[in-house]
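Below: one structure, written as structure tokens.
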2 protein chains.
Amino acid sequence: MPQDESATRIQIRNRALILDAALDAFSAEGFTGATLDGIAGAAGLSKPNLLYYFKSKEAIYRALLDHLLETWLDPLRAIDPEGEPLEEMLGYVRRKLALARDFPRESRLFAGEILRGAPVMGDALSGQLRALVDEHSAVIRGWMEAGRLAPSDPHHLIFSVWALTQHYADFETQVQAVLGARRDPWAEAERHLETHFRRVLTA
Amino acid sequence: MPQDESATRIQIRNRALILDAALDAFSAEGFTGATLDGIAGAAGLSKPNLLYYFKSKEAIYRALLDHLLETWLDPLRAIDPEGEPLEEMLGYVRRKLALARDFPRESRLFAGEILRGAPVMGDALSGQLRALVDEHSAVIRGWMEAGRLAPSDPHHLIFSVWALTQHYADFETQVQAVLGARRDPWAEAERHLETHFRRVLTA
DNA sequence: GTAGCGTCTGACCGGACGGTCAAATCCTGC
DNA sequence: GCAGGATTTGACCGTCCGGTCAGACGCTAC
């Protein structure tokens, strides 16, 4: 069993290969739909060799989610309480949309986990995530009470940012089907969300 | 094999039992995660008996999706081109949110299907759905050009209605975890989306 | 070069799952 | 009440899948 502290070059490379192949599989087919054989094959390893690096299918899944939550919360953390409210919020929307555009597999992995009732991430949601959202909701509420943003429920405002940005990654198939091949959903989404939230936040 | 045209009372009852149990299973665990044994058990039938009514697991899944698409598009169809634009759009938001609130299993089933790339509904999306959306986008664009709604891209406006309403059903676990047990997400969502879209549509 | 650890593999296991089948039982129309 | 189709069941099959294991191979430090 490879140790975490002193990782070999081979360990680093193969762990990365496995996680990348697993992200493909889990995001496209879900936890139960993905198979160890498929992941191993895509990573160029044999199944027993894969299980030499991760002790079970669930261990791979957990490793992905652990790594995911951190980067997923960064855009929210980057909001500056001292900044100009409207620009801070629009910047948050832009960062979140860019994350969805650049990491659609991660977005879909997360969506699948929540859809299934968050059997693995449940604790992180009601702990870490909730605390962070509460914290920033307070900042936003402060801005609203100071008359620097149009008033609304900060929690639901944050939900709306999540919903609107992740929609383009999670439901990409539907967006593509409805818009047709000729259009560029991400560029249009960026423009649309810009005007959309500008209105919501400055009414 | 039971005929579709002349359905027995028993057929009607058992088909309904099966579809209800299957909706539970598929929406909670996904297509691959759900099992025929589990569905049969929840429906109070044996597995071979279940397969007497539906010839395969996929046949049940398809039956659910077929029935789903119809009711799912109703709120959009109910938009009246002759009505008052703002009220028509807000009514659409309210109907869509009510649907998500009253039929969260259906919403999650649909979300799971799209997340996995719409292997079954793909054709319906680029056919029926796209046509309907194009049609109503034209109506909305007409309202905007007449100055009766704030201008934006009608397609993305519709996407935003979908994203914001279905978010509360599909990501209910996350919403609950972040808001805590004391609050009523659906009531809050209704108020929030009302003011949210009022601003977006009348800026 | 060889000891020893890290890496990799083929063969295998046990269980779960989708689906089949022949036969039993039930129900309905006459 | 009975013929015949509708319904139900238990037993079974083949496959897939997650996981194990004993051993082979390879690399590196001495």
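Every chain is numbered from 1 and lettered A, B, ... according to where its sequence line falls, protein lines coming before strand lines. Just so it is clear, the structure is predicted and the values come from calculations on it, not from any experiment. Computed from heavy atoms alone, side chains included, the values below leave out hydrogens, waters and symmetry copies.
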Rounded distance in Å - CG (B:Asp37) to C1' (C:dG15): 12 Å
Rounded distance (Å) that lies between atom C1' of C:dC17 and atom CZ of B:Phe31: 12 Å
Distance, rounded to the nearest Å, where A:Lys47 contributes NZ and C:dT7 contributes C1': 18 Å
Phosphate-side-chain proximity, A:Gln11 and C:dG6, N/O vs OP1/OP2 below 4.0 Å: no
Any B:Tyr52 side-chain N or O less than 4.0 Å from OP1/OP2 of C:dT20: no
A:Asn14 side-chain N/O to C:dC8 phosphate OP1/OP2 under 4.0 Å: yes
A:Leu50 CG to C:dT7 C1', straight-line distance once rounded to whole Å: 13 Å
Minimum-distance nucleotide to B:Thr8 side chain [options: D:dA6, C:dT7, C:dC17]: D:dA6
Nearest to side-chain heavy atoms of A:Pro48, which nucleotide of D:dT8, D:dC21, C:dG19: D:dC21
Value in whole Å for how far the C1' atom of D:dT20 lies from CG of A:Leu36: 13 Å
Selected nucleotide, minimal atom distance to A:Lys57 side chain, candidates C:dG19, D:dG18, D:dT8: D:dG18
base_contact_polar (C:dG19 base, B:Lys55 side chain, donor-acceptor, <3.5 Å): no
Euclidean distance, atom CG of residue A:Asn49 to atom P of D:dG18 [Å, nearest integer]: 16 Å
Sugar-phosphate only, base, or nothing, as touched by A:Ala34 at under 4.0 Å among non-hydrogen atoms: sugar-phosphate
B:His167 (side chain) donor-acceptor with A:Ser160 (main chain) under 3.5 angstrom: no
Whichever of B:Arg9 and A:Ser56 has its nearest DNA chain D nucleotide further upstream toward 5': B:Arg9
Between C:dT7 (P) and A:Ile12 (CD1): distance, integer Å: 10 Å
Phosphate-side-chain proximity, A:Ser46 and C:dT9, N/O vs OP1/OP2 below 4.0 Å: yes
Separation of atom CG in B:Leu51 from atom P in D:dT8, rounded to whole Å: 13 Å
Lys/Arg cation over aromatic B:Phe31: B:Arg116, 6.0 Å, 45° cone: no
Residue met sooner reading DNA chain C from 5', once B:Gly33 and B:Ile10 are mapped to nucleotides: B:Gly33
A:His196 ring center within less than 6.0 Å of B:Phe159 ring center: no
Proximity of A:Phe197 and A:His192 rings by center, below 6.0 Å: no
Sidechain-backbone polar pair: A:Arg108 side chain, A:Ala169 backbone, donor-acceptor under 3.5 Å: yes
